[in-house]
2 protein chains.
Amino acid sequence: MDDVSNQDQAIELLQQLGLKEYEAKSFVALARRQRGTAKDISETSEVPRTRVYDAIRVLESKGLVETQHSNPQVFRAVSIDEAVNTLQSEYVERAESLRNALGGLEPTDEGESTETTHEVWSISGDQGITSRTRQLIEGATEELILVIGHESIFTEQLAEQLRSAQERDVNVFIGTVDEKLRTTIQDALPDTEVFVSGLDWLSRSPLPDDDTEISRLLLADREAILISSFTETRADGREHEQGVFGRGFDNGLVAITRRLMATGLLSMNDPETEET
Amino acid sequence: MDDVSNQDQAIELLQQLGLKEYEAKSFVALARRQRGTAKDISETSEVPRTRVYDAIRVLESKGLVETQHSNPQVFRAVSIDEAVNTLQSEYVERAESLRNALGGLEPTDEGESTETTHEVWSISGDQGITSRTRQLIEGATEELILVIGHESIFTEQLAEQLRSAQERDVNVFIGTVDEKLRTTIQDALPDTEVFVSGLDWLSRSPLPDDDTEISRLLLADREAILISSFTETRADGREHEQGVFGRGFDNGLVAITRRLMATGLLSMNDPETEET
DNA sequence: AAGTATTGTGATTAAATGAGTGAATAGCTG
DNA sequence: CAGCTATTCACTCATTTAATCACAATACTT
């Protein structure tokens with residue numbers, strides 16, 4: 001974790017938090033040298049000197065920088081904690097206002113009614129998928145079957161949710177792709193049945209050019225499922241999690257998954273039937 | 001609080017939270033009708049139909065919307081709480097990363113040393129000023145004299161900070177511009193001496209074209225001060241709080257303020273000397 | 001005191017991003 | 001297959017942001 005990458009990361013994060021490039025660079029430059037003139041900042045930040053003044057003014061109005069009106073002017077960054085708290089509370093406040101504004105919206109009466117079965121929704125992004133997973137776990141009343149295809153999926157939060165489901169008398173079964181992961185999870189959830197899924201194609205795709213990796217597979221009360229996978233195929237190289245989510249006992253996708261899951265469970269209890 | 005304004009506000013807030021205009025409008029449209037096609041969204045949101053798809057894709061990747069890949073596609077917004085939490089946690093996470101990145105910066109060794117007295121810093125914006133006020137109050141060991149020029153300044157948080165200072169045996173004096181405000185504050189802080197400042201020019205400027213209003217005036221341990229004011233003069237009409245902050249017993253600004261404050265206090269205890 | 005370097009402000013240009021529009025493609029319905 | 005709708009893609013226009021320049025104001029040097 002060298003300093004250069006830290007600096008660049010800080011600049012990037014500041015921009016994501018709403019600052020412009022010059023503002024972010026100026027702030028980082030100032031943050032690491034306590035105080036400085038426009039010239040100083042310009043030199044350590046690559047920001048044109050003549051633009052430092054604008055940037056600082058914005059930073060000042062956001063409460064991140066203080067100015068000494070001498071000649072030359074001297075600028076100073078507030079402490080890191082203060083800066084982060086300021087930025088953070090700004091967003092938390094906005095989020096709170098948003099909650100109110102959205103809550104106060106009167107719904108349009110149109111388009112409410114559609115049959116609630118046979119639906120398949122696609123979601124993407126780790127956030128949304130994790131959130132939907134939680135919802136399904138919390139909503140389950142009888143049974144949860146969860147297959148975890150990658151260790152990164154199994155977080156402490158997830159374990160917590162599963163424990164809480166068990167306390168509501170939901171039967172929880174957890175499948176994994178290999179023995180190593182199985183042990184890890186069994187340790188975290190001693191009261192749960194954790195098995196290595198008999199479904200070989202889960203871990204290694206039978207297709208040649210398939211760099212998709214199953215990341216989770218959840219069946220809740222045998223009537224709602226969620227399947228998600230990682231794909232490498234992205235322009236920027238980063239992995240992206242995509243998923244589908246289906247509900248309804250007679251939903252085709254749910255039905256198929258139910259079968260597959262049952263097979264995976266069976267094969268574990270009764271190896272002879274593996275090729276069913 | 002009618003619906004239209006709520007909707008506009010929600011759109012604006014979503015944009016401030018990083019969404020583009022189309023994304024914000026599409027989301028709000030979806031949020032109020034539970035589910036809908038691109039056409040539906042376009043109609044209730046003023047977003048060109050052909051661009052709804054882009055917007056939704058972004059929303060989906062942020063975990064705010066789910067897609068049903070039928071024809072036509074049907075989109076659905078996640079619950080309001082879920083959406084807000086998702087957005088909020090996104091920013092909280094970023095802020096946390098920022099804290100690490102900034103904390104890991106190695107300081108440049110230049111420009112550290114300057115004399116620590118005689119300094120006057122200017123700050124602007126409610127946030128920064130409130131934050132600096134808090135710092136001064138928390139750092140005081142002996143005495144705090146605070147004059148409050150506008151009721152909006154006196155928040156529960158501020159009262160809390162003052163109470164906590166008193167528990168550390170700091171002498172707290174609070175001045176106000178009129179009797180009404182005095183009563184309010186006295187009620188909130190029964191153990192504090194709250195007086196109406198004898199300084200007339202605080203409440204109404206002796207100058208003609210002066211629409212500046214003193215908002216707070218703080219003297220901490222007689223060696224650090226903070227003065228802030230509201231100015232109406234802004235292009236967009238909104239009020240803006242500006243302030244100065246000085247430290248050092250021999251700092252000229254601090255010295256003058258110390259005198260003024262003492263006068264204000266004196267005149268209260270001893271009305272005869274009011275015109276000193 | 002005059003000349004030179006430095007500092008701050010404003011105007012101007014160039015590049016990037018986002019909003020808005022229409023054409024082309026794909027898919028469905030009868 | 002014809003005619004419709006839904007979807008994607010590419011392009012223009014407007015706005016925003018980055019970058020450069022010219023100049024006025026201020027300090028510093030000799």
Side-chain angles (χ1 to χ4, degrees), chain A residues 8 11-12 14-30 33 35-62 65-76 111 114 118 120-122 124 235-236, chain B residues 8 11-12 14-30 35-62 65-76 110-111 114 120-122 124 233 235-236:
Chain A
D8 291 349
I11 291 171
E12 201 179 317
L14 283 165
Q15 287 187 263
Q16 288 178 346
L17 286 164
L19 299 193
K20 305 301 172 201
E21 184 183 334
Y22 284 173
E23 293 158 17
K25 286 184 176 172
S26 297
F27 180 79
V28 170
L30 205 49
R33 66 200 316 296
R35 65 175 61 210
T37 65
K39 192 181 170 192
D40 298 332
I41 293 171
S42 167
E43 280 163 2
T44 58
S45 74
E46 318 263 282
V47 176
R49 187 188 57 82
T50 61
R51 300 290 87 213
V52 170
Y53 303 99
D54 309 82
I56 294 286
R57 251 191 290 275
V58 175
L59 292 173
E60 196 188 318
S61 80
K62 296 203 182 211
V65 161
E66 294 167 355
T67 305
Q68 190 173 357
H69 283 264
S70 48
N71 193 309
Q73 292 174 233
V74 179
F75 309 108
R76 172 179 125 179
T114 321
H118 289 293
V120 181
W121 297 87
S122 89
S124 91
D236 58 357
Chain B
D8 291 349
I11 291 171
E12 202 179 316
L14 283 165
Q15 287 188 260
Q16 288 177 346
L17 287 165
L19 299 193
K20 305 301 174 203
E21 184 182 334
Y22 285 172
E23 292 157 19
K25 285 185 176 171
S26 297
F27 180 77
V28 170
L30 251 191
R35 66 174 63 210
T37 64
K39 191 179 171 193
D40 298 331
I41 293 171
S42 169
E43 279 163 4
T44 58
S45 74
E46 318 262 283
V47 175
R49 194 191 357 243
T50 64
R51 300 301 300 282
V52 169
Y53 303 99
D54 312 278
I56 294 287
R57 249 190 292 276
V58 175
L59 292 173
E60 195 188 318
S61 79
K62 296 202 180 210
V65 162
E66 294 167 357
T67 304
Q68 191 173 356
H69 282 262
S70 48
N71 195 305
Q73 292 175 234
V74 180
F75 308 108
R76 168 178 133 179
E110 321 157 51
T114 322
V120 181
W121 297 86
S122 88
S124 92
T233 50
D236 57 358

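In what follows, chains carry the letters A, B, and so on, assigned in the order in which the sequence lines appear, proteins first and then strands, with residues in each chain numbered from 1. This one's a predicted model, so the numbers in the text were calculated from it and none came from an experiment.
- Interface limits on DNA chain C: the 5'-most and 3'-most nucleotides within less than 4.0 Å of chain A heavy atoms are C:dT7 to C:dA11.
- Using a 4.5 Å heavy-atom threshold, the side chains of B:Y22 and B:D54 count as separate.
- Applying the side-chain contact (heavy atoms from CB on, under 4.5 Å) rule to A:Q15 yields the partners A:I11, A:E21, A:A24; only residues at least two apart in sequence or on another chain are considered.
- For B:E12, the side-chain contact (heavy atoms from CB on, under 4.5 Å) partners two or more places apart in sequence, or in a different chain, are B:Q16.
- We find that OH of B:Y53 is positioned 17 Å from P of D:dA10, with the value rounded to whole Å.
- Closest non-hydrogen pair, B:A38 versus B:F75, comes out as N-CE1, 3.8 Å.
- The heavy-atom pair separating B:S42 from B:V47 by the smallest distance is OG-O, 2.8 Å.
- A:V58 pairs by the side-chain contact (heavy atoms from CB on, under 4.5 Å) definition with A:E23, A:K62, not counting sequence neighbours.
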Query raised in the report: For nucleotides 18-30 of chain D, read 5' to 3', which letter fits each nucleotide if B means a protein heavy atom sits under 4.0 Å from the base, S means only the sugar-phosphate is that close, and - means neither?
Result: SBBB----SS---
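- No side-chain heavy atom of B:L59 sits under 4.5 Å from any side-chain heavy atom of B:L30.
- Under the side-chain hydrogen bond (donor to acceptor under 3.5 Å, both in side chains) criterion, A:T67 pairs with A:E60, sequence neighbours left out.
- Rounded to an integer number of Å, the gap from B:I41 CD1 to D:dT7 C1' is 14 Å.
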